[in-house]
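One structure is given here, and the rest of the page talks about it.
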Amino acid sequence: SGQVLTSGGAGAAPSWADAAGGGTIDLVAQGAIANGAPVILLSNGKVKTITPVSPSWGSDASADSTSGNAYACYAGAGRIFVAYRDPQNSNGLSACAGTISGTAITWGTPESFNSTYSAEIACAVDPATGNFIIAFTQLSNDHGKYAKGTIGTSGTSITDNGISTFRSASTQQKDMCFDTANNKFFLAANTSNAGCIWRTAATNASASLGGGGDLGTTTNGVEGSHVTCEYDSTAEVCLTTYKRSNDSNHYICAVDLSDNSEGTEVLVSAFTDYHGMSHDSSVGKTIIVFNVSNVLTYKVATCSGTTITLSSAATLIAGVHGDTLNKSFAYNPQTKKHYLQFGNYTTGSANDRIYPITLSGTTATVGTYFVTDPSGEQPNSLVTNLDNNTLVYVSGATKAIVYQPESTDLTTGDATNLLGFSTAAYSDGNTATISVIGGVSENQSSLTTGSLYYVTRTGALSTASASTSQKIGIALSATKLLIK
């Protein structure tokens, strides 16, 4: 094996010869490149070796000196946005925007929207424009209110565009998301006496939060602290889970904001507590987590339009007790993992834990947890910064810490940046000859002839496929790999 039929030219017979490298390209090396190393193509046209990133925590960067009921969300362009009840301002509504660089956060000046006790806060930001909506309950009359504004181009300034009312009646726990396909905000809220409602708004500074309707088939109310939203970017629908007070069951429903159509609600589970959702764009599915008698249980939702199909229930984490809130559940597209954060109180400690979860089809696999806050503050929000694929942990006191999960600069799938293999060792700035698709990398070792190989997140070759690895070629011999 490892030979090709070679033409002998006019009048000469063809002959077999060892496979040559072929299929090469010359590019400038960025950093040192070892002989036979897999390389990636950078946006500047240079090539470099694959660099894995070890997990690390940044330093505490609080948005404000004291606060409560904080709710954070990704704001695009390396920004994070947090809205919170502000004890320094009569428990009114305040918000702050910050920029993320690596594991460091730079916060702007907090903006106060009112000085009336504000509770049950939720918010969403249009990552393209920086426009935001903060929904909250005005405690003096329990009415549903919302503040509008825009995050400035600096990433840390906020423009206050005023407060309006979306429901002049009792409005309790709520959640929000942003529909990037239809450029609309989506709000779901428990009204205590009229079921779970939903409202929507366009993404402009003067848009009104209105329209919508009632979720599900009953108007008997939804219990507080049991409403969560998640945008399904695959089906382009907004998902809401809620718990009805008339039967204590947990349901899910989808809304398509392209025509404001609502699907049929689907039963998730009978009598469950504390549920959250996280959409996995790599597999087009959403994992739903809920607590059943101190066992974290999950189902996986697959949407076709507003029609929802659920997998069977399965145990995620047994023997725990804690709360799972929607914004404490985030998906990281770089690691292709979900990160579930919740307080664990089984041993008398309220330390938060984050569990990495990998979804394959409708099966979830849980990794080893890590503790986020030894001081024992309860979980509030866990946000993925899509610009550098870090996670931002925000506690109830707006304590914000950036976590860099194990990561890599190798991208996978159809849009992979994996280019090929170096044909020799090169120094930074040298012109490097790279074997690319159709060529043969001739400087490998210990390959198994005929086996299919993948490049892992660390830059190693492996015969095992993984969600974070990229298929690269087939071994022609122990030292030669056909790149395909």
K48 and T51 side chains, donor-acceptor separation under 3.5 Å: yes
Minimal non-hydrogen separation, L239 against A254, with atom names: CD2-CB, 3.6 Å
Side-chain touch I40/T416, heavy atoms, less than 4.5 angstrom: no
Partners passing ring pair (Phe, Tyr, Trp, His ring centres under 6.0 Å) against Y403 (at least two apart in sequence or in another chain): W57, F370
T240 and D175, any side-chain heavy atoms less than 4.5 Å apart: no
Closest contact, heavy atoms only, L93 versus A147: CD2-CB, 3.9 Å
Shortest non-hydrogen contact from W107 toward A400: CZ2-CB, 3.7 Å
Evaluation steps, side chain to side chain contact (heavy atoms under 4.5 Å, CB included), between T306 and S261: CA-CA 8 Å; T306 57; S261 59; 4.2 Å; yes
Pair R85-F136, side chain to side chain contact (heavy atoms under 4.5 Å, CB included): steps then yes or no: CA-CA 10 Å; R85 175 173 52 81; F136 63 98; over 6 Å; no
Inter-residue atom distance S465.OG - Q470.CD, 0.5 Å rounding: 9.5 Å
Where G155 and A97 come nearest, the two heavy atoms and their spacing: O-CB, 3.5 Å
Minimal non-hydrogen separation, A207 against A201, with atom names: CB-CB, 4.4 Å
Parallel, tilted or perpendicular: rings of Y369 and Y355 (30°, 60°): tilted
Heavy-atom check, side chain of N417 versus side chain of L410, under 4.5 Å: yes
Polar contact flag, side-chain donor to acceptor under 3.5 angstrom, T228-T241: yes
Qualifying salt bridge (Lys or Arg N to Asp or Glu O under 4.0 Å) pairs with a residue from residues 329-338, counting only residues at least two apart or across chains: K337-E406
Which residues share a side-chain contact (heavy atoms from CB on, under 4.5 Å) with P333, sequence neighbours left out: Y331, T384, L386, N389
Side-chain H-bond candidate by donor/acceptor type, T165 with H143, under 3.5 Å: no
Short side-chain donor-acceptor distance under 3.5 Å, N131 and T129: yes
From V125, T203, T200, L257, residue fulfilling side chain to side chain contact (heavy atoms under 4.5 Å, CB included) relative to F185: T203
Minimum side-chain heavy-atom gap L215-Y251 below 4.5 Å: no
Approximate separation, where rounding is to 0.5 Å, of I80 CD1 and T106 OG1: 12.0 Å
Side-chain H-bond candidate by donor/acceptor type, N44 with Q30, under 3.5 Å: yes
Derivation and outcome, side chain to side chain contact (heavy atoms under 4.5 Å, CB included), residues Y146 and R199: CA-CA 11 Å; Y146 65 101; R199 299 289 185 265; over 6 Å; no
Close side-chain approach of T109 and T156, heavy atoms under 4.5 Å: no
Audit row: S311, K299, side chain to side chain donor-acceptor pair (under 3.5 Å) steps and yes/no: CA-CA 5 Å; S311 67; K299 285 187 175 182; over 6 Å; no
Any donor-acceptor pair under 3.5 Å from N89 side chain to G92 backbone: no
Intermediate values then yes/no, side chain to side chain contact (heavy atoms under 4.5 Å, CB included), L296 and Y298: CA-CA 7 Å; L296 285 182; Y298 76 94; over 6 Å; no
Pairwise side-chain contact, K145 with N114, heavy-atom cut-off 4.5 Å (strictly under): no
F113 side chain reached by I163 side chain, heavy atoms, under 4.5 Å: yes
Side-chain heavy-atom pair P127, F81 within 4.5 angstrom cut-off: no
T137-K174 side chain donor-acceptor pair, cut-off 3.5 Å: yes
Nearest heavy atoms of I354 and P356, plus distance in Å: O-CD, 3.8 Å
Point-to-point distance, once rounded to the nearest 0.5 Å, from CZ of F290 to OG1 of T297: 5.5 Å
